[in-house]
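Accompanying notes for the structure given below.
In what follows, chains carry the letters A, B, and so on, assigned in the order in which the sequence lines appear, proteins first and then strands, with residues in each chain numbered from 1.
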Amino acid sequence: MSLAVVGISHHTAPIEVRERFVFSPRAGAEALVRLTREGVGEAVMLSTCNRTEIYIYTAGEGGGGGEGEGNAGEKAGEGRIEQTIELLARQAGYTIEEARRCLYVHGGRNAAEHLFRVVTSLDSMVLGEAQIQGQVRAAYEQAAAEPPPKVVGPVLARLFQTALSVGGRVRSETALGVGAASVPSAAIELAKKVFGSLKGRRALVLGAGEMSELALECLTAEGVRTLVVANRTEERARELAERVGGTSVRFDELPAQLPTTDIIIAATSAPHPVLTRELVERALPGGPRHPLFIVDIALPRDVEPAVDSIENVFLYDIDDLYQVVDESLERRRAEVPAAERIVAQGVDDFWRWYAGLQVVPVIQALRQRAEAVRRTEVEHALRRLAHLAPGDREAIEVLTRQLLNKVLHEPTVRLKEAAADGNAEEVLEMARFLFELGEEKGG
Amino acid sequence: MHVEAEQRVFLLATRRWNLPSRNMVTALHALALALYLASEIMLAASLVGGRRGAPRWGTALVAGAVAVHAVGLAAYALRYGELPLVGLAASLSTLAFLIGVLLLGVAVVRDAGPVGLVLLPIVALLLVVAHILGIAPAGEPPAFRGLWFALHVVLAFLGYAGLALAFAAGFLYLLQFRALKGKRFGKSFRFFPALETLDRLGARALVVGFPALSLGLALGWAWTVRFQRSLAAADPQVIWGVLTWIIFLLALGARRSGAGGDRRGALASVVGFLIVVLAYVALRLTAAEGRAFL
């Protein structure tokens with residue numbers, strides 16, 4: 001069996017590298033289908049502004065290098081990981097060697113633990129952020145909703161469901177999410193270092209997704225006077241603007257908006273920059289008279305980096321916000337040990353179940369073999385006891401079946417426990433030897 | 001003659017109480033200096049400790065220093081029967097006091113206490129020099145007295161204090177600008193006020209300081225013409241006053257120079273203030289005997 005994750009995040013690469021690995025929803029779905037067609041059993045892609053990760057599982061293969069994974073079929077497991085790396089490299093336009101430098105691979109239990117840390121925001125840029133849970137849920141549901149051939153099977157389904165449940169526990173049982181530390185709140189804090197107070201300012205929000213909504217809430221709370229929402233879909237922009245008492249504009253109206261704007265928060269899912277240097281210079285010849293504060297929390301970025309070189313323009317991307325957020329997380333950091341404990345419990349629970357999958361074929365074979373022996377022996381005995389009434393014959397059937405179950409109960413439990421403890425290979429080998437069982441495929 | 005009459009009335013009014021001693025005047029100034037230095041240390045500790053903004057205790061210490069300083073200046077006036085505007089030591093103390101008052105104002109009203117990090121060393125330096133010289137009248141002629149003269153000095157000092165504040169705000173503005181553009185959000189970034197707060201502070205310091213200095217210079221010119229009948233263009237005091245006035249004008253002009261004017265204004269305030277200080281030192285060193293000023 002092989003469970004692994006291959007990905008890139010803010011820990012391993014800057015934004016200009018990460019944005020090359022971003023898949024559109026359609027391209028992401030196609031990539032998963034391609035992977036499963038090429039031999040990967042199950043696959044889920046998680047794509048957020050800080051990370052692109054592909055979780056893969058293939059039955060009957062080792063590899064991944066994680067605890068509990070066996071050596072058998074290790075090369076095949078590594079082959080699936082190589083396939084995934086190749087797919088990501090192709091998307092980024094890198095060679096495999098170039099991609100390998102910024103990608104990370106976790107296998108087995110480490111892969112599960114990584115997802116649990118991601119979903120609980122312990123691996124996030126903003127510790128305790130609430131958005132990541134929704135993003136993981138959306139990634140899983142999107143993959144699960146793919147039409148046949150299915151890309152999500154029982155293993156990744158269980159992994160993601162357990163992870164989401166652990167994420168919920170961490171939010172409800174710890175104070176990891178308290179306070180206002182989020183990407184939009186970090187942007188607001190940075191804006192305050194430019195303007196002092198944001199009261200009476202005019203803000204333009206590009207995009208109408210979840211992040212834009214959160215940014216609008218933060219801006220409203222800070223007393224921003226005028227809120228303008230620009231989005232490719234006018235209807236969504238209008239709906240969001242009305243909710244916060246703002247107005248909506250089309251993207252082609254952006255140049256007219258810039259001269260009166262103090263703050264721009266860009267969070268669209270556009271594949272190319274929406275705000276270019278040429279557009280800003282055309283709208284504000286010679287640069288803005290007063291500071292123009294721009295925060296780009298989109299990936300790929302919405303604002304051309306060259307915009308930052310314009311006089312009086314202060315442009316920040318998601319990596320810049322990290323520095324601001326980092327200092328306001330003291331209280332949340334105190335909650336990390338409690339969150340880590342819940343994550344460890346979750347990983348243990350999942351791993352017990354996952355490791356149990358390895359012994360299922362052996363247990364099935366053992367039971368089938370015992371059942372065959374029982375059936376042969378009962379039939380042989382009943383032929384000699386032909387005088388018995390049907391009720392008595394049935395009693396013998398029940399008795400032997402119960403006897404078999406009772407005898408096999410302890411070995412079954414012990415096998416599952418051994419697998420959970422990471423001793424599966426040794427114990428399974430012994431069971432095969434003792435009961436003369438053949439090689440069974442795992443999972 | 002009317003100047004002497006004013007002085008007699010002042011002395012008669014103060015004779016009802018026991019006059020403060022010279023030591024008391026010096027001690028009050030020393031205490032004010034200690035409090036200013038304590039405020040500076042507190043601000044520096046806050047900066048090093050990564051605090052956001054100035055602590056309340058820092059502002060309270062500045063308030064205490066200003067209050068003690070005010071009492072010290074009042075004691076000087078009572079002790080010597082003249083306002084501390086004549087002679088280098090007294091003038092420096094008054095200028096330091098005005099800068100202290102401005103700092104207290106911006107710390108309380110604008111929550112911009114961290115500018116004290118730059119202003120307090122200036123205040124302390126002025127007071128240290130005053131101490132070294134001895135805080136006592138310099139025996140200037142009676143002509144350097146009277147309402148016109150006092151107004152001239154106070155307004156001109158207000159102008160210089162304004163320039164000092166514009167310098168401090170401009171200096172911090174440039175540091176904050178650099179941090180924001182360079183995306184370096186360290187301890188100083190956290191401690192210093194917002195960019196626009198510093199910009200407004202610098203702008204208001206110039207807007208208030210410039211008319212004050214202009215009026216002070218005009219009064220000085222009028223006073224000189226009245227008592228000395230002529231105004232020598234080569235007088236170091238005149239050169240320094242006009243230079244400061246031009247620097248104010250340049251700094252205000254830089255602020256109005258389109259996009260980036262805020263930054264150029266801050267830069268002009270910083271460079272301008274340094275030029276004014278250097279020019280003062282140079283003029284004092286080169287001034288002929290008896291042509292000393294301030």
Check ion pair A:K193-B:E196 (N to O, under 4.0 angstrom) | no
Is atom CZ of B:F248 surrounded by more than 12 heavy atoms (other residues, nucleotides or ligands) closer than 6.0 Å?
-> yes
Does a side-chain N-to-carboxylate-O contact under 4.0 Å join A:E189 and B:R52?
-> yes
Taken in chain and number order and not counting sequence neighbours, the residues that satisfy side chain to side chain donor-acceptor pair (under 3.5 Å) with B:S257 are B:R264
For A:E311 and B:F177, the nearest pair of non-hydrogen atoms, with its separation, is OE2-CZ, 4.2 Å
Any side-chain heavy atom of A:F195 sitting closer than 4.5 Å to one from B:T197?
-> no
Could you tell me whether B:R184 atom CZ has more than 12 heavy atoms of other residues or ligands within 6.0 Å of it?
-> yes
Can you name the side chain to side chain donor-acceptor pair (under 3.5 Å) partners of A:E53, sequence neighbours left out?
-> A:R51, A:Y55, A:Y104, A:H114
For salt bridge (Lys or Arg N to Asp or Glu O under 4.0 Å), just list the numbers for B:D262 and A:R289, CA-CA rounded to whole Å, side-chain angles, deciding distance to a tenth of an Å, and then say yes or no.
-> CA-CA 9 Å; B:D262 302 347; A:R289 278 286 291 135; 5.3 Å; no
Nearest non-hydrogen partners of B:F185 and A:D320, listed with the distance = CE1-O, 3.5 Å
Do A:D308 and B:K181 have side chains that get closer than 4.5 Å, going by heavy atoms?
-> yes
Among residues 279-288 of chain A, which residues come closer than 4.5 Å to chain B, judged by heavy atom distances?
-> A:G286, A:G287, A:P288
Any residues in residues 98-110 of chain B near chain A, with a heavy-atom distance under 4.5 Å, and which are they?
-> none
All heavy atoms of B:A194 vs all of A:G196, minimum pair found to be CB-N, 3.3 Å
What pair of heavy atoms forms the shortest contact from B:F189 to A:L190, and how long is it?
-> CZ-CD1, 3.8 Å
Polar side-chain atom of B:K183 near backbone of A:L321 as donor-acceptor pair, under 3.5 Å = no
